[in-house]
Amino acid sequence: MPASATVRYTFARHTLDGAQARAALLELVVRLGRLLRRRGQAPQALTLSLTFAGTARWEKSRRLSEPSAHDDDLRTVAYQLMDAAGLQRGRLTGLALRGDDLLDADTVPQQISFDPSREARGLVASQLRQPILIKRSGS
């Protein structure tokens with residue numbers, strides 16, 4: 001079983017747009033979560049790597065409060081990492097999100113949520129993502 005899993009996003013053009021970078025990061029969170037769940041793994045930490053125009057790179061890792069492949073948990077930590085980068089005027093060319101220190105999901109306690117809106121967010125996100133993927137593949 002691999003000790004890490006990485007998903008990448010490359011911008012078609014250099015971007016300064018924080019909203020576009022955050023949307024790309026959210027896409028990576030969803031892709032990483034789906035990959036980890038399919039493999040039956042859960043990360044104990046995430047690493048975000050940002051690539052800028054030229055040769056500049058930035059990388060930072062953060063541990064999750066508990067191992068999880070749940071999109072909400074991954075998103076929270078991924079956004080904390082992005083906020084820590086303090087992006088202002090850097091021309092971003094790519095992002096990579098890596099789940100580190102992977103555990104077999106069978107060894108991770110299952111979260112029971114009494115919040116139906118949390119469970120529904122995962123369903124809504126996957127339904128919203130489908131038209132975006134269809135539009136992207138058509139262009």
Side-chain angles (χ1 to χ4, degrees):
M1 180 177 336
S4 67
T6 304
V7 290
R8 299 181 196 306
Y9 186 96
T10 302
F11 294 99
R13 295 190 177 112
H14 301 174
T15 186
L16 294 167
D17 184 1
Q20 187 178 7
R22 212 170 260 282
L25 182 58
L26 180 58
E27 179 181 326
L28 290 180
V29 165
V30 171
R31 287 174 40 205
L32 181 62
R34 186 176 37 227
L35 172 66
L36 293 169
R37 288 187 299 274
R38 187 175 59 237
R39 290 175 20 179
Q41 296 179 302
Q44 297 182 78
L46 290 181
T47 298
L48 176 63
S49 300
L50 306 178
T51 306
F52 298 94
T55 60
R57 282 184 49 112
W58 180 91
E59 185 173 283
K60 186 165 181 81
S61 297
R62 183 163 289 180
R63 302 214 43 96
L64 281 76
S65 57
E66 60 186 10
S68 173
H70 196 287
D71 288 351
D72 277 352
D73 299 330
L74 299 177
R75 179 185 43 81
T76 298
V77 174
Y79 281 3
Q80 289 171 351
L81 289 166
M82 182 66 96
D83 292 344
L87 294 179
Q88 291 181 9
R89 306 259 329 143
R91 292 180 300 151
L92 199 55
T93 60
L95 306 168
L97 186 64
R98 185 177 70 229
D100 295 312
D101 302 328
L102 301 180
L103 297 175
D104 187 335
D106 292 337
T107 65
V108 175
Q110 294 295 316
Q111 288 185 345
I112 297 174
S113 176
F114 295 109
D115 180 3
S117 64
R118 176 182 168 130
E119 298 305 318
R121 279 194 301 268
L123 178 60
V124 170
S126 66
Q127 290 171 344
L128 290 175
R129 187 166 153 57
Q130 190 62 32
I132 293 168
L133 291 174
I134 291 169
K135 181 179 177 187
R136 183 180 290 169
S137 65
S139 32

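Just so it is clear, the structure is predicted and the values come from calculations on it, not from any experiment.
- The existence of a salt bridge linking Asp71 and Arg37 is confirmed by a sub-4.0 Å separation between a basic side-chain nitrogen and an acidic carboxylate oxygen.
- Taking 4.5 Å as the limit, some side-chain heavy atom of Leu92 sits within range of a side-chain heavy atom of Leu50.
- Salt bridge present: Asp83 and Arg22 bring a charged side-chain N and a carboxylate O closer than 4.0 Å.
- For the pair Phe11 and Gln20, the minimum side-chain heavy-atom distance is below 4.5 Å.
- There is no side-chain donor-acceptor pair under 3.5 Å between Ser4 and Asp100.
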Discussion item. The test is side chain to side chain donor-acceptor pair (under 3.5 Å); show your working for Arg98 and Thr6 and say whether it passes.
Written reply: CA-CA 4 Å; Arg98 185 177 70 229; Thr6 304; 4.8 Å; no
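- Taking CD of Gln41 as the start and CG of Leu102 as the end, the distance is 4.5 Å to the nearest 0.5 Å.
- With sequence neighbours left out, Thr51 forms a side chain to side chain contact (heavy atoms under 4.5 Å, CB included) with Arg57, Thr93.
- Distance check, rounded to the nearest 0.5 Å: CG of Leu36 to CG of Leu32 gives 4.5 Å.
- Paired with Leu81 under the rule side-chain contact (heavy atoms from CB on, under 4.5 Å), one option of Leu48, Thr47, Leu25 passes, and it is Leu48.
- Arg8 pairs by the side-chain hydrogen bond (donor to acceptor under 3.5 Å, both in side chains) definition with nothing, not counting sequence neighbours.
- Of the candidates Leu74, Val77, Leu97, Pro43 forms a side-chain contact (heavy atoms from CB on, under 4.5 Å) with just one, namely Leu74.
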Worksheet item: Run the side-chain contact (heavy atoms from CB on, under 4.5 Å) check on Arg91 and Thr15 step by step: do they pass?
Response: CA-CA 5 Å; Arg91 292 180 300 151; Thr15 186; over 6 Å; no
